[in-house]
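Reviewing the structure listed below.
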Amino acid sequence: MELKERVFSGMQPTGSLHLGNYLGAMVQWIEMQKTHACIYCVVDLHAITVWQDPKELRDAIRQVTAAYIASGLDPKKSILFNQSQVAAHAELAWFFNCVARLGWLNRMTQFKEKAGKDRENASVGLYAYPNLMAADILAYRATHVPVGEDQKQHLELARDIAQKFNNDFRAEIEAKGYKDGLFFPQPEPVITGPATRVMSLRDGTKKMSKSDPSDLSRINLTDDAETIARKIQKAKTDPEPLPSEAAGLAGRPEADNLVGIYAALAGKTKDSVLAEFGGQQFSSFKKSLAEVAVGRLGPIGAEVRRLTSDPAEIDRVLADGSARARTIAAPIMDEVKDIVGLIRS
Ligand code: AMP
Ligand code: TRP
């Protein structure tokens, strides 16, 4: 049996999506729709690994769904749904809880960051988070996963889980007709968005993140033109003028980040941006950056607002996507159960 190429990726519905999500992942998601069968998920089960207010979660799920569509995701062509509507995710995650080793999870840097000092008090779900992520991908036997740089380690774990499952059950897998014990593919990270690591506007050494307490640290896809311009104007910089080539950005994280954002939004290289702005002060560069950002993000924000004004329509899109996702995942789950030696009727 040949493995078909299939794309899977997801984002958490916690807070609104920001420029890092957009440039690090979303732009690549949209691009891959042209060449691949794609499944894009709002990973609500991942979101609840840390406390979410139920009153806000539902809106956040709709908001992220709207942001996917507003950014160019076509829900007719690709499958778009929320994770909790397809039981295979949580179900396969249990199997992977039994495949992954404690030692593997102990190495995950995102858990260490998110759990912080009070590790004893982190949820078990937060610890097992990467197993659920592996299940998301492998429930569809997906082969390509477009993500930002920060997800690389989780993808490596997903590959280790796929390989251990294939090895542990090799005889059963081959008895089912899979050559070389290849039931689960080794999912490949696709880390090639226009900017795979966008940094905070307040601190060029920290990544732009939904969980940063300062809203000034990030540009949200739903920020209006005025807010975008104000955040860029307040962005941290250093006192030197801009260098005339990218090599001059070394050791200047804030300058590097802003030039990188400009380049990614305008579809240029950092060198060509600096050929234009080199030698200038940040104030004039920031004005141009705000224009480029507003030009690109303004229409997306407006479309998100339009789409979220009709929640029932968003729920219909998610229901349709979930039904299509289930038809792919259900037979794979049946095979997993056969392979492991369970009885099903
Ligand atoms: P999350 O918001 O953590 O669910 O991330 C969703 C996607 O956006 C993942 O593919 C991340 O790798 C990507 N992402 C999140 N933050 C950034 C960032 N600051 N720069 C680039 N990509 C990011
Ligand atoms: N862990 C990812 C993040 O925080 C989100 C995610 C969950 C994901 N499941 C996934 C990404 C499967 C790609 C594939 O960014």
Side-chain angles (χ1 to χ4, degrees), residues 6-30 32 38-50 52 60-61 63-64 67-68 71 81-84 86 88-90 92-93 96 108-111 113-114 125-126 128-159 161-162 187-212 217-221 253 256-257 260-261 264-265 325 329:
R6 183 177 277 147
V7 169
F8 183 97
S9 197
M11 290 194 200
Q12 301 189 57
T14 45
S16 66
L17 296 190
H18 54 71
L19 190 62
N21 298 133
Y22 181 70
L23 294 175
M26 191 73 81
V27 170
Q28 194 59 35
W29 291 17
I30 307 303
M32 292 188 94
C38 299
I39 305 175
Y40 295 126
C41 186
V42 181
V43 291
D44 47 12
L45 297 176
H46 276 105
I48 61 169
T49 57
V50 297
Q52 303 295 329
I61 294 168
Q63 172 95 16
V64 170
Y68 286 3
S71 302
F81 73 108
N82 58 316
Q83 191 183 28
S84 58
V86 181
H89 294 252
L92 187 57
F96 290 170
M108 295 295 115
T109 54
Q110 186 169 302
F111 173 75
E113 277 163 28
K114 285 201 179 174
L126 188 65
Y129 176 116
N131 294 346
L132 177 59
M133 178 163 162
D136 296 339
I137 300 162
L138 295 171
Y140 306 92
R141 301 170 74 223
T143 54
H144 292 78
V145 185
V147 282
E149 177 77 37
D150 61 345
Q151 294 304 309
K152 206 169 162 187
Q153 194 184 35
H154 286 158
L155 259 298
E156 275 158 20
L157 187 89
R159 294 166 67 88
I161 289 176
E188 270 181 46
V190 181
I191 307 181
T192 53
T196 55
R197 196 168 164 78
V198 177
M199 309 309 279
S200 158
L201 298 181
R202 306 299 293 166
D203 177 352
T205 62
K206 271 185 10 201
K207 79 171 181 180
M208 185 177 285
S209 149
K210 289 171 190 158
S211 55
D212 193 313
S217 70
R218 63 185 159 260
I219 295 174
N220 301 309
L221 290 190
D256 190 19
N257 189 39
I261 291 173
L265 285 171

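The basis for the numbers below is simple: all heavy atoms, side chains too, and nothing from hydrogens, waters or symmetry mates. Keep in mind it's a predicted model, so treat the numbers as computed, not measured. Whatever order the structure lists ligands and atoms in, that order sets their numbers, starting from 1.
Each of L138, I161, T143 was evaluated against P187; a single residue qualifies, L138, per the side chain to side chain contact (heavy atoms under 4.5 Å, CB included) test. For the side chain to side chain contact (heavy atoms under 4.5 Å, CB included) criterion with M26, the lone passing option out of L17, L19, N21 is L17.
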For ligand 2, run through the N/O pairs with the protein that fall under 3.5 Å and put one pair on each line.
from, atom 1, to, atom 2, distance (Å)
ligand 2, 1 (N), Y129, OH, 2.7
ligand 2, 1 (N), Q151, OE1, 3.0
ligand 2, 4 (O), Q12, NE2, 3.2
ligand 2, 4 (O), Y129, OH, 2.9
ligand 2, 9 (N), D136, OD2, 2.6
ligand 2, 15 (O), Q151, NE2, 3.3

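At least one N or O atom of G20, backbone or side chain, sits closer than 3.5 Å to an N or O atom of ligand 1. For ligand 1, the polar-atom distance check finds no N/O of G24 at less than 3.5 Å from any of the ligand's N/O atoms. Below 3.5 Å of separation, one finds no N or O of K207 facing any N or O of ligand 1. Remark: ligand 1 and M208 share an N or O pair separated by less than 3.5 Å (distance only, no angle test).
Closest protein heavy atom to atom 21 (C) of ligand 1: T196 O, 3.2 Å.
With L23, N21, D150 as candidates, the residue nearest to atom 11 (C) of ligand 1 on a non-hydrogen basis is D150. Closest heavy-atom approach to atom 2 (O) of ligand 1 among the candidates H46, M11, R218, K210: K210.
Residue-ligand proximity, H18 to ligand 1, at heavy-atom distances under 4.0 Å covers atoms 16 (N).
Under the 30°/60° scheme for interplanar angles, the aromatic rings of F8 and F81 are found to stand perpendicular.
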